[in-house]
Participant: 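The structure follows.
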Amino acid sequence: MAGEPVNVNEFQELVRQSLPKMYYDYYTGGAEDQHTLKENVKSFRRIIIQPRILVDVSKIDTSTTILGHKTSAPIMIAPTAMHKLAHHEGEVATARGAAACDVIMGLSYMSTCTVEEVASSCNAVRFFQIYVYKRRDITALMVHRAEKNGFGAIILTADTPRLGRREADIKNKMIAPQLKNFEGLISTEYVSDKGSNIEALAAGTFDASLCWKDIEWLKSITKLPILIKGVLTSEDAIKAIEAGVAGVIVSNHGARQLDYAPATISVLEEVVHAVQGKVPVFFDGGVRRGTDIFKALALGAKAVLIGRAVIYGLAAKGELGVKQVIQMLKDEFELTMALSGCCSVDDITRSHVKTEKERFICRM
Ligand SMILES: Cc1cc2nc3c(=O)[nH]c(=O)nc-3n(C[C@H](O)[C@H](O)[C@H](O)COP(=O)(O)O)c2cc1C
Ligand SMILES: CCCCC(=O)C(=O)O
């Protein structure tokens, strides 16, 4: 590839050429046949934008408010594990990139920098994602550390009672490093004789008995707002509201858990309808373009989370790459707004997009 990357896919290509295969496969891969992985991206392509013309778009405002935090765009960094495998500065570089772009940083429970290191590195608004360990005392301690270090919300990832089957990780015998957050608390170094060591780590530590009633437990140990990540059906959206969460995240974990789960953009609207505006609905999965962000907002998302695209920026150029990827997505989103006749995020409505089904009905 000649010259600087001009879009997210070109960042990915840079990283493919430079990162050790074991890590590249871990970051890019999905579960089993990777059907959902492809669908997450392809389903966006089937949605068409319906622009409005002759609107004064000389001033565009992409900013929004997320759980009371003003941010420059409806973009957050999705919590993704082990950033030091992509760049030696790890999550500190990612957080600084987020701060430079004035977007919210989601920090993974499985981060390679500690909660304290990330908190003291910059002034980005931070949300902390958790898995619930069988050792609940350790998860409670992590929640308290996040609270003490000024994190603004807890994201409970609810789609991972066991790790999905990622075949590249099995073949590569993907490593499970000791994670600094848990030093002196629990070992996260696992060696599996079957292949993926991170699968063994999840099997050894994650609590597969976690269920809806445990939201009460989580609420009893923290005053922070709780977002539930992994909602794909109206049924679960209603349960989440009943459980008293502050928001839901429509996500299939970047297609790394259940293969043949729906592409997230195809179920966003169902969840939005079920939630009835009671709490914000966030979205992730397959976002690679500003037009994708626009489509998700038109279908009712308050904001999107970006997983792999940010990792590509980080792996390519550290903090600068994170900044460039987010800026690229923000610029593309702003241009999409301008060319669609939308001056603010509130101007983006359902009538600005047509799904494949709607286009099919139109033709009948
Ligand atoms: C390499 C990688 C690691 C991830 N680690 C976590 C994690 O630790 N916790 C979590 O809740 N989700 C994790 N996810 C899922 C992301 O939060 C997010 O749902 C997904 O990446 C969105 O899809 P996208 O990568 O297409 O943007 C991970 C995803 C990837 C690609
Ligand atoms: C045991 C590590 C899990 C990290 C994760 O969520 C992922 O790789 O998708």
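Hydrogens, waters and symmetry mates play no part in the numbers below; they use all other heavy atoms, side chains included. What you see is a predicted model; the values in this text were computed from it and never measured. Residue numbers run from 1 in the order of the sequence given. Numbering of ligands and ligand atoms starts at 1, following listing order.
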Participant: Note the single closest protein heavy atom to atom 24 (P) of ligand 1, along with its residue, its atom name and the distance in Å.
Facilitator: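 Here the closest protein heavy atom is Arg308 NH1, 3.6 Å.
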Participant: Identify the closest protein heavy atom to atom 16 (C) of ligand 1: which residue and atom is it, and at what distance?
Facilitator: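 Scanning the protein heavy atoms, the shortest distance from atom 16 (C) of ligand 1 goes to Pro79 O, 3.5 Å.
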Participant: Which residue and non-hydrogen atom of the protein lie closest to atom 28 (C) of ligand 1, and at what distance in Å?
Facilitator: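 It is Thr80 CG2, 3.6 Å.
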Participant: Out of Thr36, Asn252, Asp33, which residue meets the side-chain hydrogen bond (donor to acceptor under 3.5 Å, both in side chains) rule with Tyr260?
Facilitator: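 When side-chain hydrogen bond (donor to acceptor under 3.5 Å, both in side chains) is applied between Tyr260 and each of Thr36, Asn252, Asp33, only Asp33 qualifies.
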Participant: Using atom types as modelled and distance alone, determine if a side-chain donor or acceptor of Arg308 lies under 3.5 Å from a backbone N or O of Gly254.
Facilitator: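 Indeed, once roles are kept as given, a pair shorter than 3.5 Å links the two residues.
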Participant: Of the listed options (Leu163, Asp169, Leu179), which comes nearest to atom 3 (C) of ligand 2 when hydrogens are ignored and any heavy atom counts?
Facilitator: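 The option holding the nearest heavy atom is Leu163.
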Participant: For Tyr26, is the NZ or CZ atom of Arg256 found under 6.0 angstrom from the centre of its six-membered ring and inside 45 degrees of the ring axis?
Facilitator: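 Yes - Arg256 lies over the ring of Tyr26, closer than 6.0 Å to its centre and within 45° of its axis.
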Participant: Passes ring-ring contact (aromatic ring centres under 6.0 Å, His included), Tyr27 versus Tyr312? Steps please.
Facilitator: CA-CA 9 Å; Tyr27 288 134; Tyr312 300 147; 8.1 Å; no
Participant: Just let me know how Arg256 lines up against ligand 1, side chain, backbone, both or neither, with a heavy-atom cut-off below 4.0 Å.
Facilitator: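 The side chain, only.
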Participant: Can you list the atoms of ligand 1 that are under 4.0 Å from a heavy atom of Ser251?
Facilitator: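 Within the 4.0 Å cut-off of Ser251, ligand 1 contributes 19 (O).
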Participant: Using a 4.0 Å heavy-atom cut-off, say whether Met82 meets ligand 2 through its side chain, its backbone, both or neither.
Facilitator: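 Neither part.
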Participant: Nearest protein heavy atom to atom 3 (C) of ligand 1, by residue and atom, and its distance?
Facilitator: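 Ranking protein heavy atoms by distance from atom 3 (C) of ligand 1, first comes Ala81 N, 3.5 Å.
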Participant: Under 4.0 Å from any heavy atom of Arg256, which atoms of ligand 2 are there?
Facilitator: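 Listed by number with element: 7 (C), 8 (O), 9 (O).
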Participant: Looking at Gln129, which atoms of ligand 1 are within less than 4.0 Å of one of its heavy atoms?
Facilitator: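 Listed by number with element, the hits are 7 (C), 8 (O), 9 (N), 10 (C), 11 (O).
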Participant: With distance as the sole criterion, is a donor-acceptor pair present between the side chains of Glu147 and Thr222 under 3.5 Å?
Facilitator: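 Indeed, the side chains of Glu147 and Thr222 share at least one donor-acceptor pair under 3.5 Å.
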Participant: Considering non-hydrogen atoms of the protein only, which is the closest contact for atom 11 (O) of ligand 1, and what is the distance?
Facilitator: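 In this structure, atom 11 (O) of ligand 1 has Thr157 OG1, 2.6 Å as its nearest protein heavy atom.
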Participant: Can you check whether Tyr26 has an N/O within less than 3.5 Å of an N/O in ligand 1?
Facilitator: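 Not met; the criterion fails.
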Participant: Can you confirm whether Lys21 is buried at NZ, in the sense that more than 12 heavy atoms of other residues, nucleotides or ligands lie under 6.0 Å from that atom?
Facilitator: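 Open.
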Participant: Closer than 3.5 angstrom, by distance alone: can the side chain of Asp214 be matched with the main-chain N or O of Cys211 as a donor-acceptor pair?
Facilitator: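 Checked: pair present.
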Participant: With heavy-atom distances below 4.0 Å as the criterion, list the atoms of ligand 1 near Ser108.
Facilitator: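 Near Ser108, the atoms of ligand 1 are 7 (C), 8 (O).
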Participant: Measure from the side-chain N and O atoms of Arg136 to the backbone N and O of Asp207, and report whether any donor-acceptor pair falls under 3.5 Å.
Facilitator: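 Between the backbone of Asp207 and the side chain of Arg136 there is no qualifying donor-acceptor contact (under 3.5 Å).
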Participant: Go through ligand 2 atom by atom and flag the ones less than 4.0 Å from a non-hydrogen atom of Arg166.
Facilitator: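 Those atoms are 7 (C), 8 (O), 9 (O).
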Participant: Without swapping roles, check the side chain of Asn197 against the backbone of Met174 for a donor-acceptor pair under 3.5 Å.
Facilitator: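 Checked: pair present.
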Participant: Indicate yes or no: does an N/O atom of Lys229 lie under 3.5 Å from an N/O atom of ligand 1?
Facilitator: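 Yes; at least one N/O pair falls below 3.5 Å.
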Participant: Can you list the atoms of ligand 1 that are under 4.0 Å from a heavy atom of Gly307?
Facilitator: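 Selected atoms, number and element: 21 (O), 25 (O), 27 (O).
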Participant: For ligand 2, which atoms have a heavy atom of Ile198 less than 4.0 angstrom away?
Facilitator: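 It comes down to these atoms of ligand 2: 1 (C).
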Participant: Strictly distance-based, threshold 3.5 Å: is any side-chain N or O of Glu319 a donor or acceptor partner for the main-chain N or O of Ala100?
Facilitator: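 Pair absent, no side-chain N/O of Glu319 close to backbone of Ala100.
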Participant: Of all the atoms in ligand 1, which lie at a distance below 4.0 Å from a heavy atom belonging to Arg288?
Facilitator: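 Contacts of ligand 1 toward Arg288, numbered from 1: 24 (P), 26 (O), 27 (O).
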Participant: Would Ala78 count as being in polar contact with ligand 1, using the rule that some N or O on each side must be under 3.5 angstrom apart?
Facilitator: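 No, no N or O pair falls under 3.5 Å.
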Participant: Looking at His253, which atoms of ligand 2 are within less than 4.0 Å of one of its heavy atoms?
Facilitator: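 In order of numbering, the contacting atoms are 5 (C), 6 (O), 7 (C), 9 (O).
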Participant: Could you identify the single nearest non-hydrogen protein atom to atom 19 (O) of ligand 1 and state the distance to 0.1 Å?
Facilitator: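 Nearest protein contact, heavy atoms only, for atom 19 (O) of ligand 1 is Asp284 OD2, 2.8 Å.
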Participant: Do Asp159 and His253 get their side chains close enough for a donor-acceptor pair, meaning under 3.5 Å?
Facilitator: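 A donor-acceptor contact under 3.5 Å links the two side chains.
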Participant: Hydrogens and angles aside, do Tyr109 and Thr139 bring a side-chain donor and acceptor to less than 3.5 Å of each other?
Facilitator: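 Looking only at side-chain atoms, Thr139 and Tyr109 do form a donor-acceptor pair, the distance falling under 3.5 Å.
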Participant: Within 45° of the ring axis of Phe151 and under 6.0 Å from its six-membered ring centre, is that where the NZ or CZ of Arg126 lies?
Facilitator: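 The answer is yes, since Arg126 meets both limits relative to Phe151.
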Participant: Can an N or O of Gly286 be found at a distance shorter than 3.5 Å from an N or O of ligand 1?
Facilitator: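 Yes; at least one N/O pair falls below 3.5 Å.
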Participant: Number the atoms of ligand 2 from 1 as they appear, then name those within less than 4.0 Å of a heavy atom of Ala81, with their elements.
Facilitator: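 Those qualifying, in numeric order: 4 (C).
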Participant: For ligand 1, find out whether one of its N or O atoms is nearer than 3.5 Å to an N or O atom of Val287.
Facilitator: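 No, since none of the N or O atoms of Val287 sits under 3.5 Å from an N or O of ligand 1.
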Participant: Counting non-hydrogen protein atoms only, what is the nearest one to atom 7 (C) of ligand 1? Give residue, atom name and distance.
Facilitator: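 For this ligand atom, the closest protein heavy atom is Tyr131 OH, 3.4 Å.
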Participant: Just by distance, do the side chain of Thr355 and the backbone of Glu358 share a donor-acceptor pair under 3.5 Å?
Facilitator: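 At least one qualifying donor-acceptor pair exists.
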Participant: So does Asp102 get a backbone contact from the side chain of Ser72, meaning a donor-acceptor N/O pair under 3.5 Å?
Facilitator: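 Such a contact is found between Ser72 side chain and Asp102 backbone.
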